[in-house]
Amino acid sequence: MKMKPIILASSSPRRREILEQVGVSFEIVPSDKEEIITKTKPYDIVKDLASMKANDVLLKVSKPSIIIGADTIVAHNDRIMGKPKDELDAKHMIQELQNDTHEVYTGVSIILSDYNDENILISKELNFYEKTSVSVTAISEDEIDAYVASKEPLDKAGAYAIQGRFATFISKIEGDYFNVVGLPIAKIYEALKREGITINYI
Ligand SMILES: Cc1cn([C@H]2C[C@H](O)[C@@H](COP(=O)(O)OP(=O)(O)OP(=O)(O)O)O2)c(=O)[nH]c1=O
C-alpha cells in the first residue's frame, strides 16, 4: 500500500530537525492560525493547540495524509510560559526557572486523512501530550543577561533551548529529551505503529 505523505504542520526548525534526524521523509505546511488558549491545565492547552494547528493544515491539503501538529509550553508552579514577548520577558522567565525544576509539556495531534469513494474527507485524530521534568542550575544575573543577549531565547517556549547554549544550565531531566525540544518522537512513532503505520524513511 502506498504510504501517505507525512505533513509537519509546523514552522519550528527544531521540529523539522527532529524528523530529519530520524530519517523521516515529510513535507512542511505550517499553520498560521492564531494560538487561542481556552483551557487552563498545561496538558489541555498543548493538546488543544496541537489539534488546532493540525486541523488548520488539514483544510489546506487535499490528499490523503498523515498530518502532525505540536505545541510546547513550559510550566513552573502554576505559571504557564510560551515564547517570550521580548528580551525583558525572556529575562524574567529565566530568573523564575533558574535554581529549580519545571515541566515541559508538548501536545501532539496526528490526523490520518483519507477520502472515500464519494471523495468525502474522512479523518481520524490521535491527540496526546508528553511531559518532561527539567531541573535548572542556579544562574547569575550576568549569565542570564549574556544568554538573553545571544537571542537564542526569543522564539522558544520558556525562553530557553535545551539543545542550545542553555544545556550548560540543565542539571537533570526526567523523561523524553526530544519532548523538551518540541517533538516527542518516540511517542509519535508508537502512536503511528499502533495504527499500522511504519514511518517510511528517506
Ligand atoms: C523548551 C524548548 C522549546 N523549544 C522551542 C520548540 C518550539 O519551536 C518552540 C515552542 O513554540 P510552539 O508555539 O510550540 O511552536 P512554534 O511557534 O515554534 O512553531 P509552530 O507553532 O509552527 O509549530 O520552543 C526549543 O527549541 N527548545 C527547548 O528547549
Item checked: Shared hydrophobic cluster for Tyr129 and Ile173 (ILVMFWY, side-chain gaps under 4.5 Å) -> no
Note to self: For Glu27, is there an ion pair with Lys63 - N to carboxylate O distance below 4.0 angstrom?
What the structure shows: yes
Check: Which heavy atom in Pro42 sits nearest to a heavy atom in Ala75, and how many Å separate them?
Finding: CG-CB, 4.2 Å
Check: Nearest heavy-atom pair of Phe178 and Ile18: which atoms, and what distance?
Finding: O-CD1, 3.9 Å
Next item on the list: Determine, for Glu35 against Lys33, whether the closest basic-nitrogen to carboxylate-oxygen distance falls under 4.0 angstrom.
Entry: no
Checklist line | Stepwise side chain to side chain donor-acceptor pair (under 3.5 Å) test for Thr106 and Thr72 | finding: CA-CA 4 Å; Thr106 295; Thr72 302; 2.8 Å; yes
Next item on the list: Measure the spacing between CD of Glu174 and OG of Ser133 and express it to the nearest 0.5 Å.
Entry: 5.5 Å
Next item on the list: Return yes if some donor-acceptor pair links the side-chain N/O of Glu143 with the main-chain N/O of Ser140 below 3.5 Å, else return no.
Entry: yes
Margin query: Within the 3.5 Å criterion, strictly below it, is a donor on Ser109 or Asn127 matched to an acceptor on the partner's side chain?
Written below: yes
Next item on the list: Starting at CG of Asn116, measure out to CD1 of Ile122 and round the result to the nearest 0.5 Å.
Entry: 5.5 Å
Next item on the list: Begin from the C-alpha positions of Thr132 and Asp176 and carry the test side chain to side chain donor-acceptor pair (under 3.5 Å) through to its verdict.
Entry: CA-CA 6 Å; Thr132 305; Asp176 179 355; 5.7 Å; no
Next item on the list: Find out whether Ile66 and Pro5 are in side-chain contact, i.e. whether some heavy atom of one side chain is under 4.5 Å from a heavy atom of the other.
Entry: no
Check: CZ of Arg79 to NE2 of His92: how many Å apart, nearest 0.5 Å?
Finding: 9.0 Å
Checklist line | Residues, nucleotides or ligands: over 12 heavy atoms within 6.0 Å of Arg165 CZ | finding: no
Notebook entry, point to check: Are Ile144 and Leu97 connected in the hydrophobic side-chain network, where two residues link if heavy atoms are under 4.5 Å apart?
Noted result: yes
Check: Mind checking whether Leu183 and Phe26 sit in one hydrophobic cluster, side chains of I, L, V, M, F, W, Y counted as touching below 4.5 Å?
Finding: yes
Check: After noting the C-alpha distance and the side-chain angles of Ile120 and Tyr115, does the key distance pass the side chain to side chain contact (heavy atoms under 4.5 Å, CB included) rule?
Finding: CA-CA 5 Å; Ile120 306 289; Tyr115 292 82; over 6 Å; no
Notebook entry, point to check: Do NZ/NE/NH1/NH2 and the carboxylate oxygens of Asp114 and Lys4 come within less than 4.0 Å?
Noted result: yes
Check: Can you tell me how far CD of Glu130 sits from CD1 of Ile188, rounded to the nearest 0.5 angstrom?
Finding: 10.0 Å
Margin query: What's the separation between atom CD in Gln98 and atom OH in Tyr160, rounded to the nearest 0.5 Å?
Written below: 13.5 Å
Next item on the list: Would you check, one step at a time, whether the test side chain to side chain contact (heavy atoms under 4.5 Å, CB included) holds for His102 with Glu96?
Entry: CA-CA 10 Å; His102 64 271; Glu96 177 167 339; over 6 Å; no
Notebook entry, point to check: Any donor and acceptor pair, going by atom type alone, linking the side chain of Lys156 with main-chain N or O of Lys83 inside 3.5 Å?
Noted result: no
Notebook entry, point to check: Charged N to carboxylate O under 4.0 angstrom, Glu20 versus Arg16?
Noted result: yes
Notebook entry, point to check: Do Glu87 and Lys91 come close enough that some side-chain heavy atom pair is under 4.5 Å?
Noted result: no
Check: Under the 3.5 angstrom rule, does the side chain of Asp86 hit a backbone N or O of Leu88 as a donor-acceptor pair?
Finding: yes
Next item on the list: Taking all heavy atoms of Ala159 and all of Pro153, pick out the closest pair and write down the distance.
Entry: O-CB, 3.1 Å
Next item on the list: Indicate yes or no: does Lys60 engage Asp32 in a salt bridge with an N to O separation below 4.0 Å.
Entry: yes
Next item on the list: Determine whether Val136 and Asp100 make a side-chain contact, defined as any pair of heavy atoms from C-beta on separated by less than 4.5 Å.
Entry: no
Check: Do Ile68 and Ile7 come within less than 4.5 Å of each other through their side chains, counting heavy atoms only?
Finding: no
Check: Parallel, tilted or perpendicular: which fits the ring planes of Tyr43 and Tyr105, with parallel below 30° and perpendicular above 60°?
Finding: tilted
Next item on the list: Please check if atom NZ in Lys187 has more than 12 non-hydrogen atoms from other residues, nucleotides or ligands closer than 6.0 Å.
Entry: yes
Next item on the list: Write down the atom of Leu154, the atom of Ala90, and the distance for their closest heavy-atom approach.
Entry: CD2-CB, 4.4 Å
Checklist line | Carboxylate-amine/guanidinium contact Glu17 Arg14, below 4.0 Å | finding: no
Item checked: Check: His76 and Glu103 side chains under 4.5 Å, non-hydrogen atoms -> no
Next item on the list: List the atom of Gly69, the atom of Ala9, and the distance in Å for their closest heavy-atom pair.
Entry: CA-CB, 4.2 Å
Check: Taking side chain as C-beta onward, heavy atoms only, is Thr137 less than 4.5 Å from Asn99?
Finding: no
Note to self: Would you say Leu19 ends up clustered with Leu112 if hydrophobic residues are merged whenever their side chains have heavy atoms under 4.5 Å apart, either directly or through other cluster members?
What the structure shows: yes
Next item on the list: For residues Lys53 and Asp71, determine if any side-chain heavy atom of one lies less than 4.5 Å from a side-chain heavy atom of the other.
Entry: yes
Check: Who pairs with Lys39 by salt bridge (charged side-chain N to carboxylate O under 4.0 Å, His left out), at least two apart in sequence or on another chain?
Finding: Asp48
Next item on the list: Spell out, yes or no, whether Val180 and Phe128 are grouped together once hydrophobic residues are joined by side-chain heavy atoms under 4.5 Å, including indirect joins.
Entry: yes
Check: Hey, is CG on Asp78 packed in by over 12 heavy atoms from elsewhere, all under 6.0 Å?
Finding: no
Next item on the list: For residues Ser135 and Thr101, report the shortest heavy-atom separation together with the two atoms involved.
Entry: OG-OG1, 2.7 Å
Note to self: If I take atom CD1 from residue Ile36 and atom CD from residue Glu34, how far apart are they, to the nearest 0.5 angstrom?
What the structure shows: 4.5 Å
Next item on the list: Output, in order, the C-alpha distance, side-chain angles, deciding distance and verdict of side chain to side chain donor-acceptor pair (under 3.5 Å) for Glu141 and Gln95.
Entry: CA-CA 8 Å; Glu141 285 300 296; Gln95 282 173 331; 3.1 Å; yes
Item checked: Audit row: Lys124, Ile111, side chain to side chain contact (heavy atoms under 4.5 Å, CB included) steps and yes/no -> CA-CA 6 Å; Lys124 175 179 183 181; Ile111 298 181; over 6 Å; no
Check: Under the side chain to side chain donor-acceptor pair (under 3.5 Å) criterion, do Asn55 and Glu125 qualify, and how do the steps go?
Finding: CA-CA 9 Å; Asn55 279 283; Glu125 182 170 359; 3.2 Å; yes
Next item on the list: Report yes if some heavy atom in the side chain of Leu49 is under 4.5 Å from a heavy atom in the side chain of Ile45; otherwise report no.
Entry: yes
